[in-house]
Amino acid sequence: MRATTIHAPGDIRFEEVPDPTIEEPTDAIVKVVAGCICGSDLWPYRGHNDIDAGSTIGHECVGVIEEIGADVKDFAVGDFVIVPFCHCDNTCPHCVAGVQSVCDNLGFTASGQGEYSRVTQADGSLVKTDGMPEASLIPSLLALSDVMATGWHAAVAAGVRPGGTAVVIGDGAVGLCGVLAAAQMGAERVIAMSRHESRQEIARAFGATDIVAERGKEGGARIADLTSGVGADAVLECVGTDESMKTAFAIARPGSTVGFVGVPHGVELPVRRMFQKNVGLAGGMAPVRRYLPDLLERVLSGAINPGLVFDLTLPMEQSPEGYRAMDERRATKVLLQP
Ligand SMILES: [Zn+2]
Ligand SMILES: [Zn+2]
C-alpha cells in the first residue's frame, strides 16, 4: 500500500510500504476512507520526539473493514468504523474503570495517513455506524478518532459544570474541541485563548463566549478581569508546554482542577502553587473508546459538528504539504483523502 512515512525532522514522504496484515486473531484491517494530521504529529516533525526512520505515521482515521481476525465477533467486512487512536479490549480492569487509554492490551493506530490501517482488539476498540455515512458527516466522524474525544476528556477532567466558567488554553483542533465540549456540558461562559482569527471564528462557532488573544501574564490578567478576580472554575490545558501549564495554574480558581490533554514536553508543575491554592491536575491520554458512543450520537443528531476543525483537505499523496501547512500554521487541521 501507499502510506505517509517519516524519515527525519521535516522529512515526510508518501510512499510504498508493506500492507498491514492480521497478526492476532483479535485484529481487523481497515481501508482508510479519511485520515488526518494531528497536532501531536508535529512533535516528531519538528524534531522534538525520537524518529524511527521510514516508519509510517498517522493515528487518526475512519474507514471500512477490509478483513477481520478469527476472534472478531462484533464486526464484519464492509462495516464503516471509527478507529480510536488508542486501541483497547474494553474488558480489562482499567477499561472497565473508564481509562481505556491504559488498557492491559493497549495498541495504537500506526498508518492512519495511509491506505490501510491495522486495528488491534477490534471488538473492544471500534465503533460502527449504521451503514455508510453521508460524505458530509465524514469530517466530524473522523474528528472522533482523537481530537473531539481528547477535547471532551479535558473538559471531563477539568470538571466542567453547567453554569460555570471554563477557560481553554490552546487553539489547535483539540483546544477548539475542548471549547465545544465545555459548551455542550453547559458551561455558561467559555473563554478561548487564541491569537489566530480563523481559529477564533471556529471557537465562536463551537460556543466560545469570550476570546482572549493575550498570552502568559497578560493573558492571566485578562482572565482575572473577566472572572472578577476569582479565576476560572475549570481550565482545559490543550497544549502541553511549560508556558501553557503555568498559565493554566495561574488562572484556575482555588479549589478547581486543571484538565490536561496536551502531550507534556518540558513541563514543570508549580506544586507549591497547587498546594497553596488547592488546585488539582487531572487528565492525560484520552480514553477515546469511553466517549465514542455518546459523541457518535451527538454527531449523528447534529448536536455537534467537530469536523469544522478541518480547514484544509488534500489528496493523501500530498501529506508532506499537509505537514508543512500545519507546521507553518497555514492550516488548523488537515484532512487527507486516499
Ligand atoms: Zn491525534
Ligand atoms: Zn482494557
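Side chains are part of it too, since the values below use all heavy atoms of this structure and drop only hydrogens, waters and symmetry mates. For clarity, every value in this text was computed on a predicted model and none was experimentally measured. In listed order, ligands and their atoms are each counted from 1.
Partner Tyr323 forms a side chain to side chain contact (heavy atoms under 4.5 Å, CB included) with one of Gln318, Glu328, Gln113 and no other, that one being Gln113.
Ring planes of Phe85 and Phe108: parallel class, angle under 30° (limits at 30 and 60°).
Within a 6.0 Å radius of CG in Asp225, more than 12 heavy atoms belonging to other residues, nucleotides or ligands are found. The environment of Arg189 atom CZ is dense: over 12 non-hydrogen atoms of other residues, nucleotides or ligands sit within 6.0 angstrom.
For the 3.5 Å distance criterion, the side chains of Ser244 and Thr241 qualify, holding a donor opposite an acceptor.
In this structure, Lys128 is positioned above the aromatic face of Phe75, its NZ or CZ under 6.0 Å from the six-membered ring centre and within 45° of the axis.
At a cut-off of 2.8 Å, measuring from the Zn ion (ligand 2), the protein N, O or S atoms that fall short of it are Asp89 OD1, Cys92 SG, Cys95 SG, Cys103 SG, waters left aside. Within the protein, the N, O or S atoms sitting under 2.8 Å from the Zn ion (ligand 1) are Cys38 SG, His59 NE2, Glu60 OE2, Asp146 OD2.
Taking each heavy atom of Thr91 and Val96 in turn, the nearest pair found is O-CG2, 3.5 Å.
Under a 4.0 Å N-O distance rule, the pair Arg118/Glu66 does not qualify as a salt bridge. Salt-bridge formation is not detected for the pair Lys31/Glu67: no Lys NZ or Arg NE/NH1/NH2 atom is positioned less than 4.0 Å from an Asp or Glu carboxylate oxygen.
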